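Encoded as structure tokens, the structure appears first; notes follow it.
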Amino acid sequence: MNQFKIVLRLAWRNLWRNHRRTLIMIAAIVIGAWSMIFMTALMRGMVDDMIADGISVLPGHVQIHHPDYRDDPTIANVIAPPTGELLEALDGPGVVAWATRVRVPAVISSERDTRGVTLIGIEPERERDISFVAGDIAEGDFLSSRDDRGLIVGRKLVEKLETGLGKRVVIMSQDQDNEIADRGFRIVGIFESKLAQYEEGFVFAGEGTIQELLGVGDAISEVAILGSDYRDIEDLYRSIEAAAGDGVEVLPWNEIDTYLGSMLAMMDGFVIVFIVVVFLALSFGLVNTLVMAVFERVREIGLMLALGMTPRSILSQIVTESVLLLTIGLAIGNLAAIATIEPIKGGIDVSIVGEGMEMMGASSVLYPALYLKDIVMANVIVIVLGFFASLSPAWRASKYDPIRAITKV
Amino acid sequence: MTNITFKLAWRNLWRRKRRTWLTVGAMVFSNIILVFLISMQLGMYAMMIENTLRAQTGHLQIQAPGYKDDLKMRQVVPEISALVAGIRQELDSDEVAARASAFALVSSAERSYGLMISGVEPEYEARVSSLPGLITEGRFLGDSMAEEIVVGSVLARNLRAGVGDELTIIGSGRDGSFAAAVVTVVGTFESGAPDMDRSFAEVPLGFFQDTFYMDGAGHSVVIMSPTLIGVGALKTRVEGLLPADEDLVVHDWDALLPGLKQSIQADFVSAWFMYGILIVLVAFSVLNTQLMSVLERTKEFGITLSLGVTPGRLGRLVLLESSLMGAIGLILGMIFGGALVFWLGQIGFTYPGLEEMAGKFNLPGRIYPQFSAVGLLTGPVILLLASMAASIYPALRIHWLEPVAAMRAAE
């Protein structure tokens with residue numbers, strides 16, 4: 001313990017013998033550490049936002065469908081509403097909210113124009129808890145019951161159809177006998193979404209009204225289930241799948257939307273690659289600094305060896321110097337990263353490239369997300385790899401022949 | 001004289017081999033990464049633009065004002081056939097085609113879907129769009145008046161219809177009246193973009209105009225430019241060709257698909273953030289190396305100064321040393337990076353999850369980095385300049401040296 005104290009003190013003093021070099025190296029480490037954490041937080045924020053948006057529209061962390069529904073999303077592929085064991089599982093622990101929907105392709109016409117949309121029949125009371133519609137109604141009201149005869153339409157679609165709140169539109173779709181079913185609806189609410197494509201692509205009506213229109217009795221297209229955390233859905237998925245039985249397909253969100261799923265899966269790998277690349281660029285400088293520090297102290301190291309200091313203490317002294325350097329750099333770098341992220345937590349406006357972000361599925365305001373695990377990962381990677389990088393110069397120093405080292409000019 | 005400075009700089013570099021190689025190593029490492037990533041970005045952007053524009057949009061479109069945002073049936077380009085023929089002649093190019101489009105309910109015996117139907121000129125569509133070349137079953141449209149339709153493969157499957165089956169189209173015409181027709185499926189296409197394969201269909205333009213009461217009008221004239229760079233000039237030229245009495249506008253691809261350019265910009269900016277970090281880190285490495293090398297030569301510099309060598313010349317020596325290191329880093333980085341890019345350019349590059357992401361931007365699951373001068377040079381040259389900038393401070397320090405004091409400095 002005492003020896004370690006001496007090693008630590010020696011290492012510390014050695015660092016500041018050439019303060020310029022040390023400061024430059026620390027500055028490099030600070031920039032490296034700052035960029036690792038800052039960049040990671042930005043990327044995490046973007047992906048989190050995309051997934052949160054994606055799930056709120058999808059929506060639900062786990063969904064139950066007819067096995068053919070995803071390939072052929074029509075009214076032909078419907079399932080019975082949940083009963084018995086499944087209903088128990090849905091009302092059980094782990095499920096935050098759930099709702100059933102009828103979801104079919106449809107055509108909407110105003111007196112001015114016609115558009116293709118996805119018509120979603122919802123249970124308003126239940127839907128309030130999972131999907132985005134209830135909270136995003138900008139004008140008018142949300143549906144009051146599953147038999148409500150009103151229609152909720154996105155702002156963009158309203159503009160394109162040149163219609164408005166309280167106006168009538170006609171919805172056409174196909175019933176189970178392959179006949180065209182159509183019906184007039186009054187627009188009772190207009191919603192706004194961060195992503196324009198949702199405003200244009202989805203219209204919402206009462207589930208009962210749609211079932212009646214399409215003549216499907218009480219059959220539904222899907223059950224959407226919301227758990228507590230989208231990152232941790234394995235248990236929820238398993239329990240629902242077990243309870244749902246055969247004849248239906250139960251899928252977690254990352255398999256329903258493979259784009260979002262692969263984004264999330266790739267993020268962890270990408271963060272590590274980024275951190276390692278930055279570290280490698282940094283490591284050349286680190287090793288260089290240590291090599292120089294050893295080289296200019298050859299005589300001194302030789303003397304210490306001649307006086308009886310073990311090669312091991314020399315090795316640990318050099319490694320300690322390196323770890324000290326890294327620790328100081330990391331500490332400042334972490335603080336700097338947190339200090340730069342904190343003021344922009346409320347979001348950075350990147351609407352200059354807003355439509356491009358939308359193409360990627362992200363919104364035009366970026367909210368950096370600082371995760372403890374990313375900070376820990378960056379620091380651990382740097383310290384561990386830095387330790388190994390400093391072994392080689394330290395090893396060389398400990399292997400000096402004392403006599404030759406002392407006499408070296 | 002210069003020769004001596006060069007020789008000195010070169011020898012000075014190799015006095016401390018390990019240090020020089022470590023600094024050069026940092027440069028080579030960063031250069032390889034820069035060359036690889038920039039070439040990959042360039043390859044990806046070129047493919048994104050090409051694939052997306054070739055799919056439907058084209059480089060330029062002539063439309064009625066407002067049509068691109070509203071897509072309303074009545075926002076038409078009147079007498080479109082005459083206009084297109086005139087432009088073809090003026091530009092002496094076949095890569096010009098007229099289109100019209102409408103939302104309609106398409107029904108097979110079993111299923112109905114609401115979707116966008118385009119009327120296209122069968123003989124010219126292949127010149128402006130990749131779609132006719134993507135027919136996997138049957139053939140593309142033939143005669144301009146034929147009652148034929150080609151649909152996306154997913155749509156065909158969803159409709160439960162194949163080549164030879166009849167579909168009914170129900171929509172509203174240009175004047176808002178009821179429009180309906182029966183067409184025969186002659187082909188299905190597979191573009192690889194799920195949205196397109198699920199919700200897109202094309203019929204011949206003449207037939208479209210009859211069915212939707214277009215009265216000789218269409219909605220857009222699509223024009224391809226031989227090169228992406230020439231789009232701006234072509235736009236000006238086409239604008240001059242528009243009939244003066246009609247209210248028409250020319251949009252370039254950037255206006256038609258603002259998301260495309262912006263997603264490239266967003267990607268570009270975030271990538272340069274990372275490149276910037278790499279470059280700054282290497283610059284610090286150079287700064288450290290050169291500062292150390294100047295400090296340890298204090299005595300030597302003191303002697304040379306008192307022998308009459310000007311501080312400016314010594315400063316240039318230090319700068320030259322950094323430039324030499326930078327040049328070695330640049331050459332090695334370009335050789336290794338170039339080899340990597342060239343190799344991947346042949347076999348393509350992929351990683352798990354790329355395919356799902358790439359599909360969103362009309363890209364295939366494999367990316368072929370672009371082997372180009374821009375991709376090879378941009379990163380390494382900036383890095384070289386940054387290294388030289390980093391050695392300005394060590395070089396300036398020489399000016400502050402006091403020859404006598406410097407000579408007495410401890411080794």
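A quick note: this is a predicted structure, and the numbers were derived from the prediction, not measured. Here is how names work: the chains are called A, B, and so on, in the same order as the sequence lines, proteins then strands, and each is numbered from 1.
- Note: B/Y393 OH to A/R20 CZ = 5.0 Å, rounded to the nearest 0.5 Å.
- Looking at every heavy atom in both residues, B/F103 comes nearest to A/G116 through CD2-N, 3.6 Å.
- For a residue to count as touching a neighbouring chain, one of its non-hydrogen atoms must lie under 4.5 Å from one of that chain's; by this rule B/S30 touches chain A with the side chain only.
- Atom CG of residue B/L105 and atom CG of residue A/D182 lie 10.0 Å apart, to the nearest 0.5 angstrom.
- Only the side chain of A/M172 comes within contact range of chain B, judged by heavy atoms closer than 4.5 Å.
- With rounding to the nearest 0.5 Å, the separation of CD1 in B/I277 from CE in A/M36 is 9.5 Å.
- With rounding to the nearest 0.5 angstrom, the CE atom of A/M43 is 8.5 Å from the CE atom of B/M274.
- Across B/R111, B/E110, B/R19, the residue that shares the most heavy-atom pairs under 4.5 angstrom with chain A is B/R111.
- A/L282 places none of its side-chain heavy atoms less than 4.5 Å from the side chain of B/F284.
- Checked against salt bridge (Lys or Arg N to Asp or Glu O under 4.0 Å), A/E162 has the following partners two or more places apart in sequence or in another chain: A/R112, B/K72, B/R74.
- Here the CG-CG distance, from A/L290 to B/L22, works out to 10.0 Å after rounding to the nearest 0.5 Å.
- B/T23 touches chain A through backbone and side chain together, each having a heavy atom under 4.5 Å away.
- For B/V280, the part lying under 4.5 angstrom from a heavy atom of chain A is the side chain only.
- With respect to chain B, the highest number of heavy-atom pairs below 4.5 Å among A/F284, A/F274, A/F38, A/W34 belongs to A/F284.
- A/V291 touches chain B through its side chain: at least one heavy atom from C-beta onward sits under 4.5 Å away, while N, CA, C and O do not.
- With a 4.5 Å cut-off on non-hydrogen atoms, A/V117 does not touch chain B at all.
- Each of A/A281, A/S283, A/G285 has some count of heavy-atom pairs under 4.5 Å with chain B, and the biggest count is that of A/A281.
- Taking 4.5 Å as the limit, every side-chain heavy atom of B/L295 sits out of range of all side-chain heavy atoms of A/R21.
- Interatomic distance, CG of B/N288 versus OG1 of A/T289, reported as 4.5 Å (0.5 Å rounding).
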_Applying side-chain contact (heavy atoms from CB on, under 4.5 Å) to A/F295 and B/R16, what does each step give before you reach the verdict?_
CA-CA 10 Å; A/F295 194 80; B/R16 289 282 173 87; 3.0 Å; yes

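- Contact of A/N288 with chain B is made through backbone and side chain together, with heavy-atom distances under 4.5 Å.
- If you measure heavy-atom distances from B/A109 to chain A, the contacts under 4.5 Å come from the backbone alone.
- When each of A/L23, A/V107, A/I24, A/L280 is scored by its heavy-atom pairs under 4.5 Å with chain B, the top score falls to A/I24.
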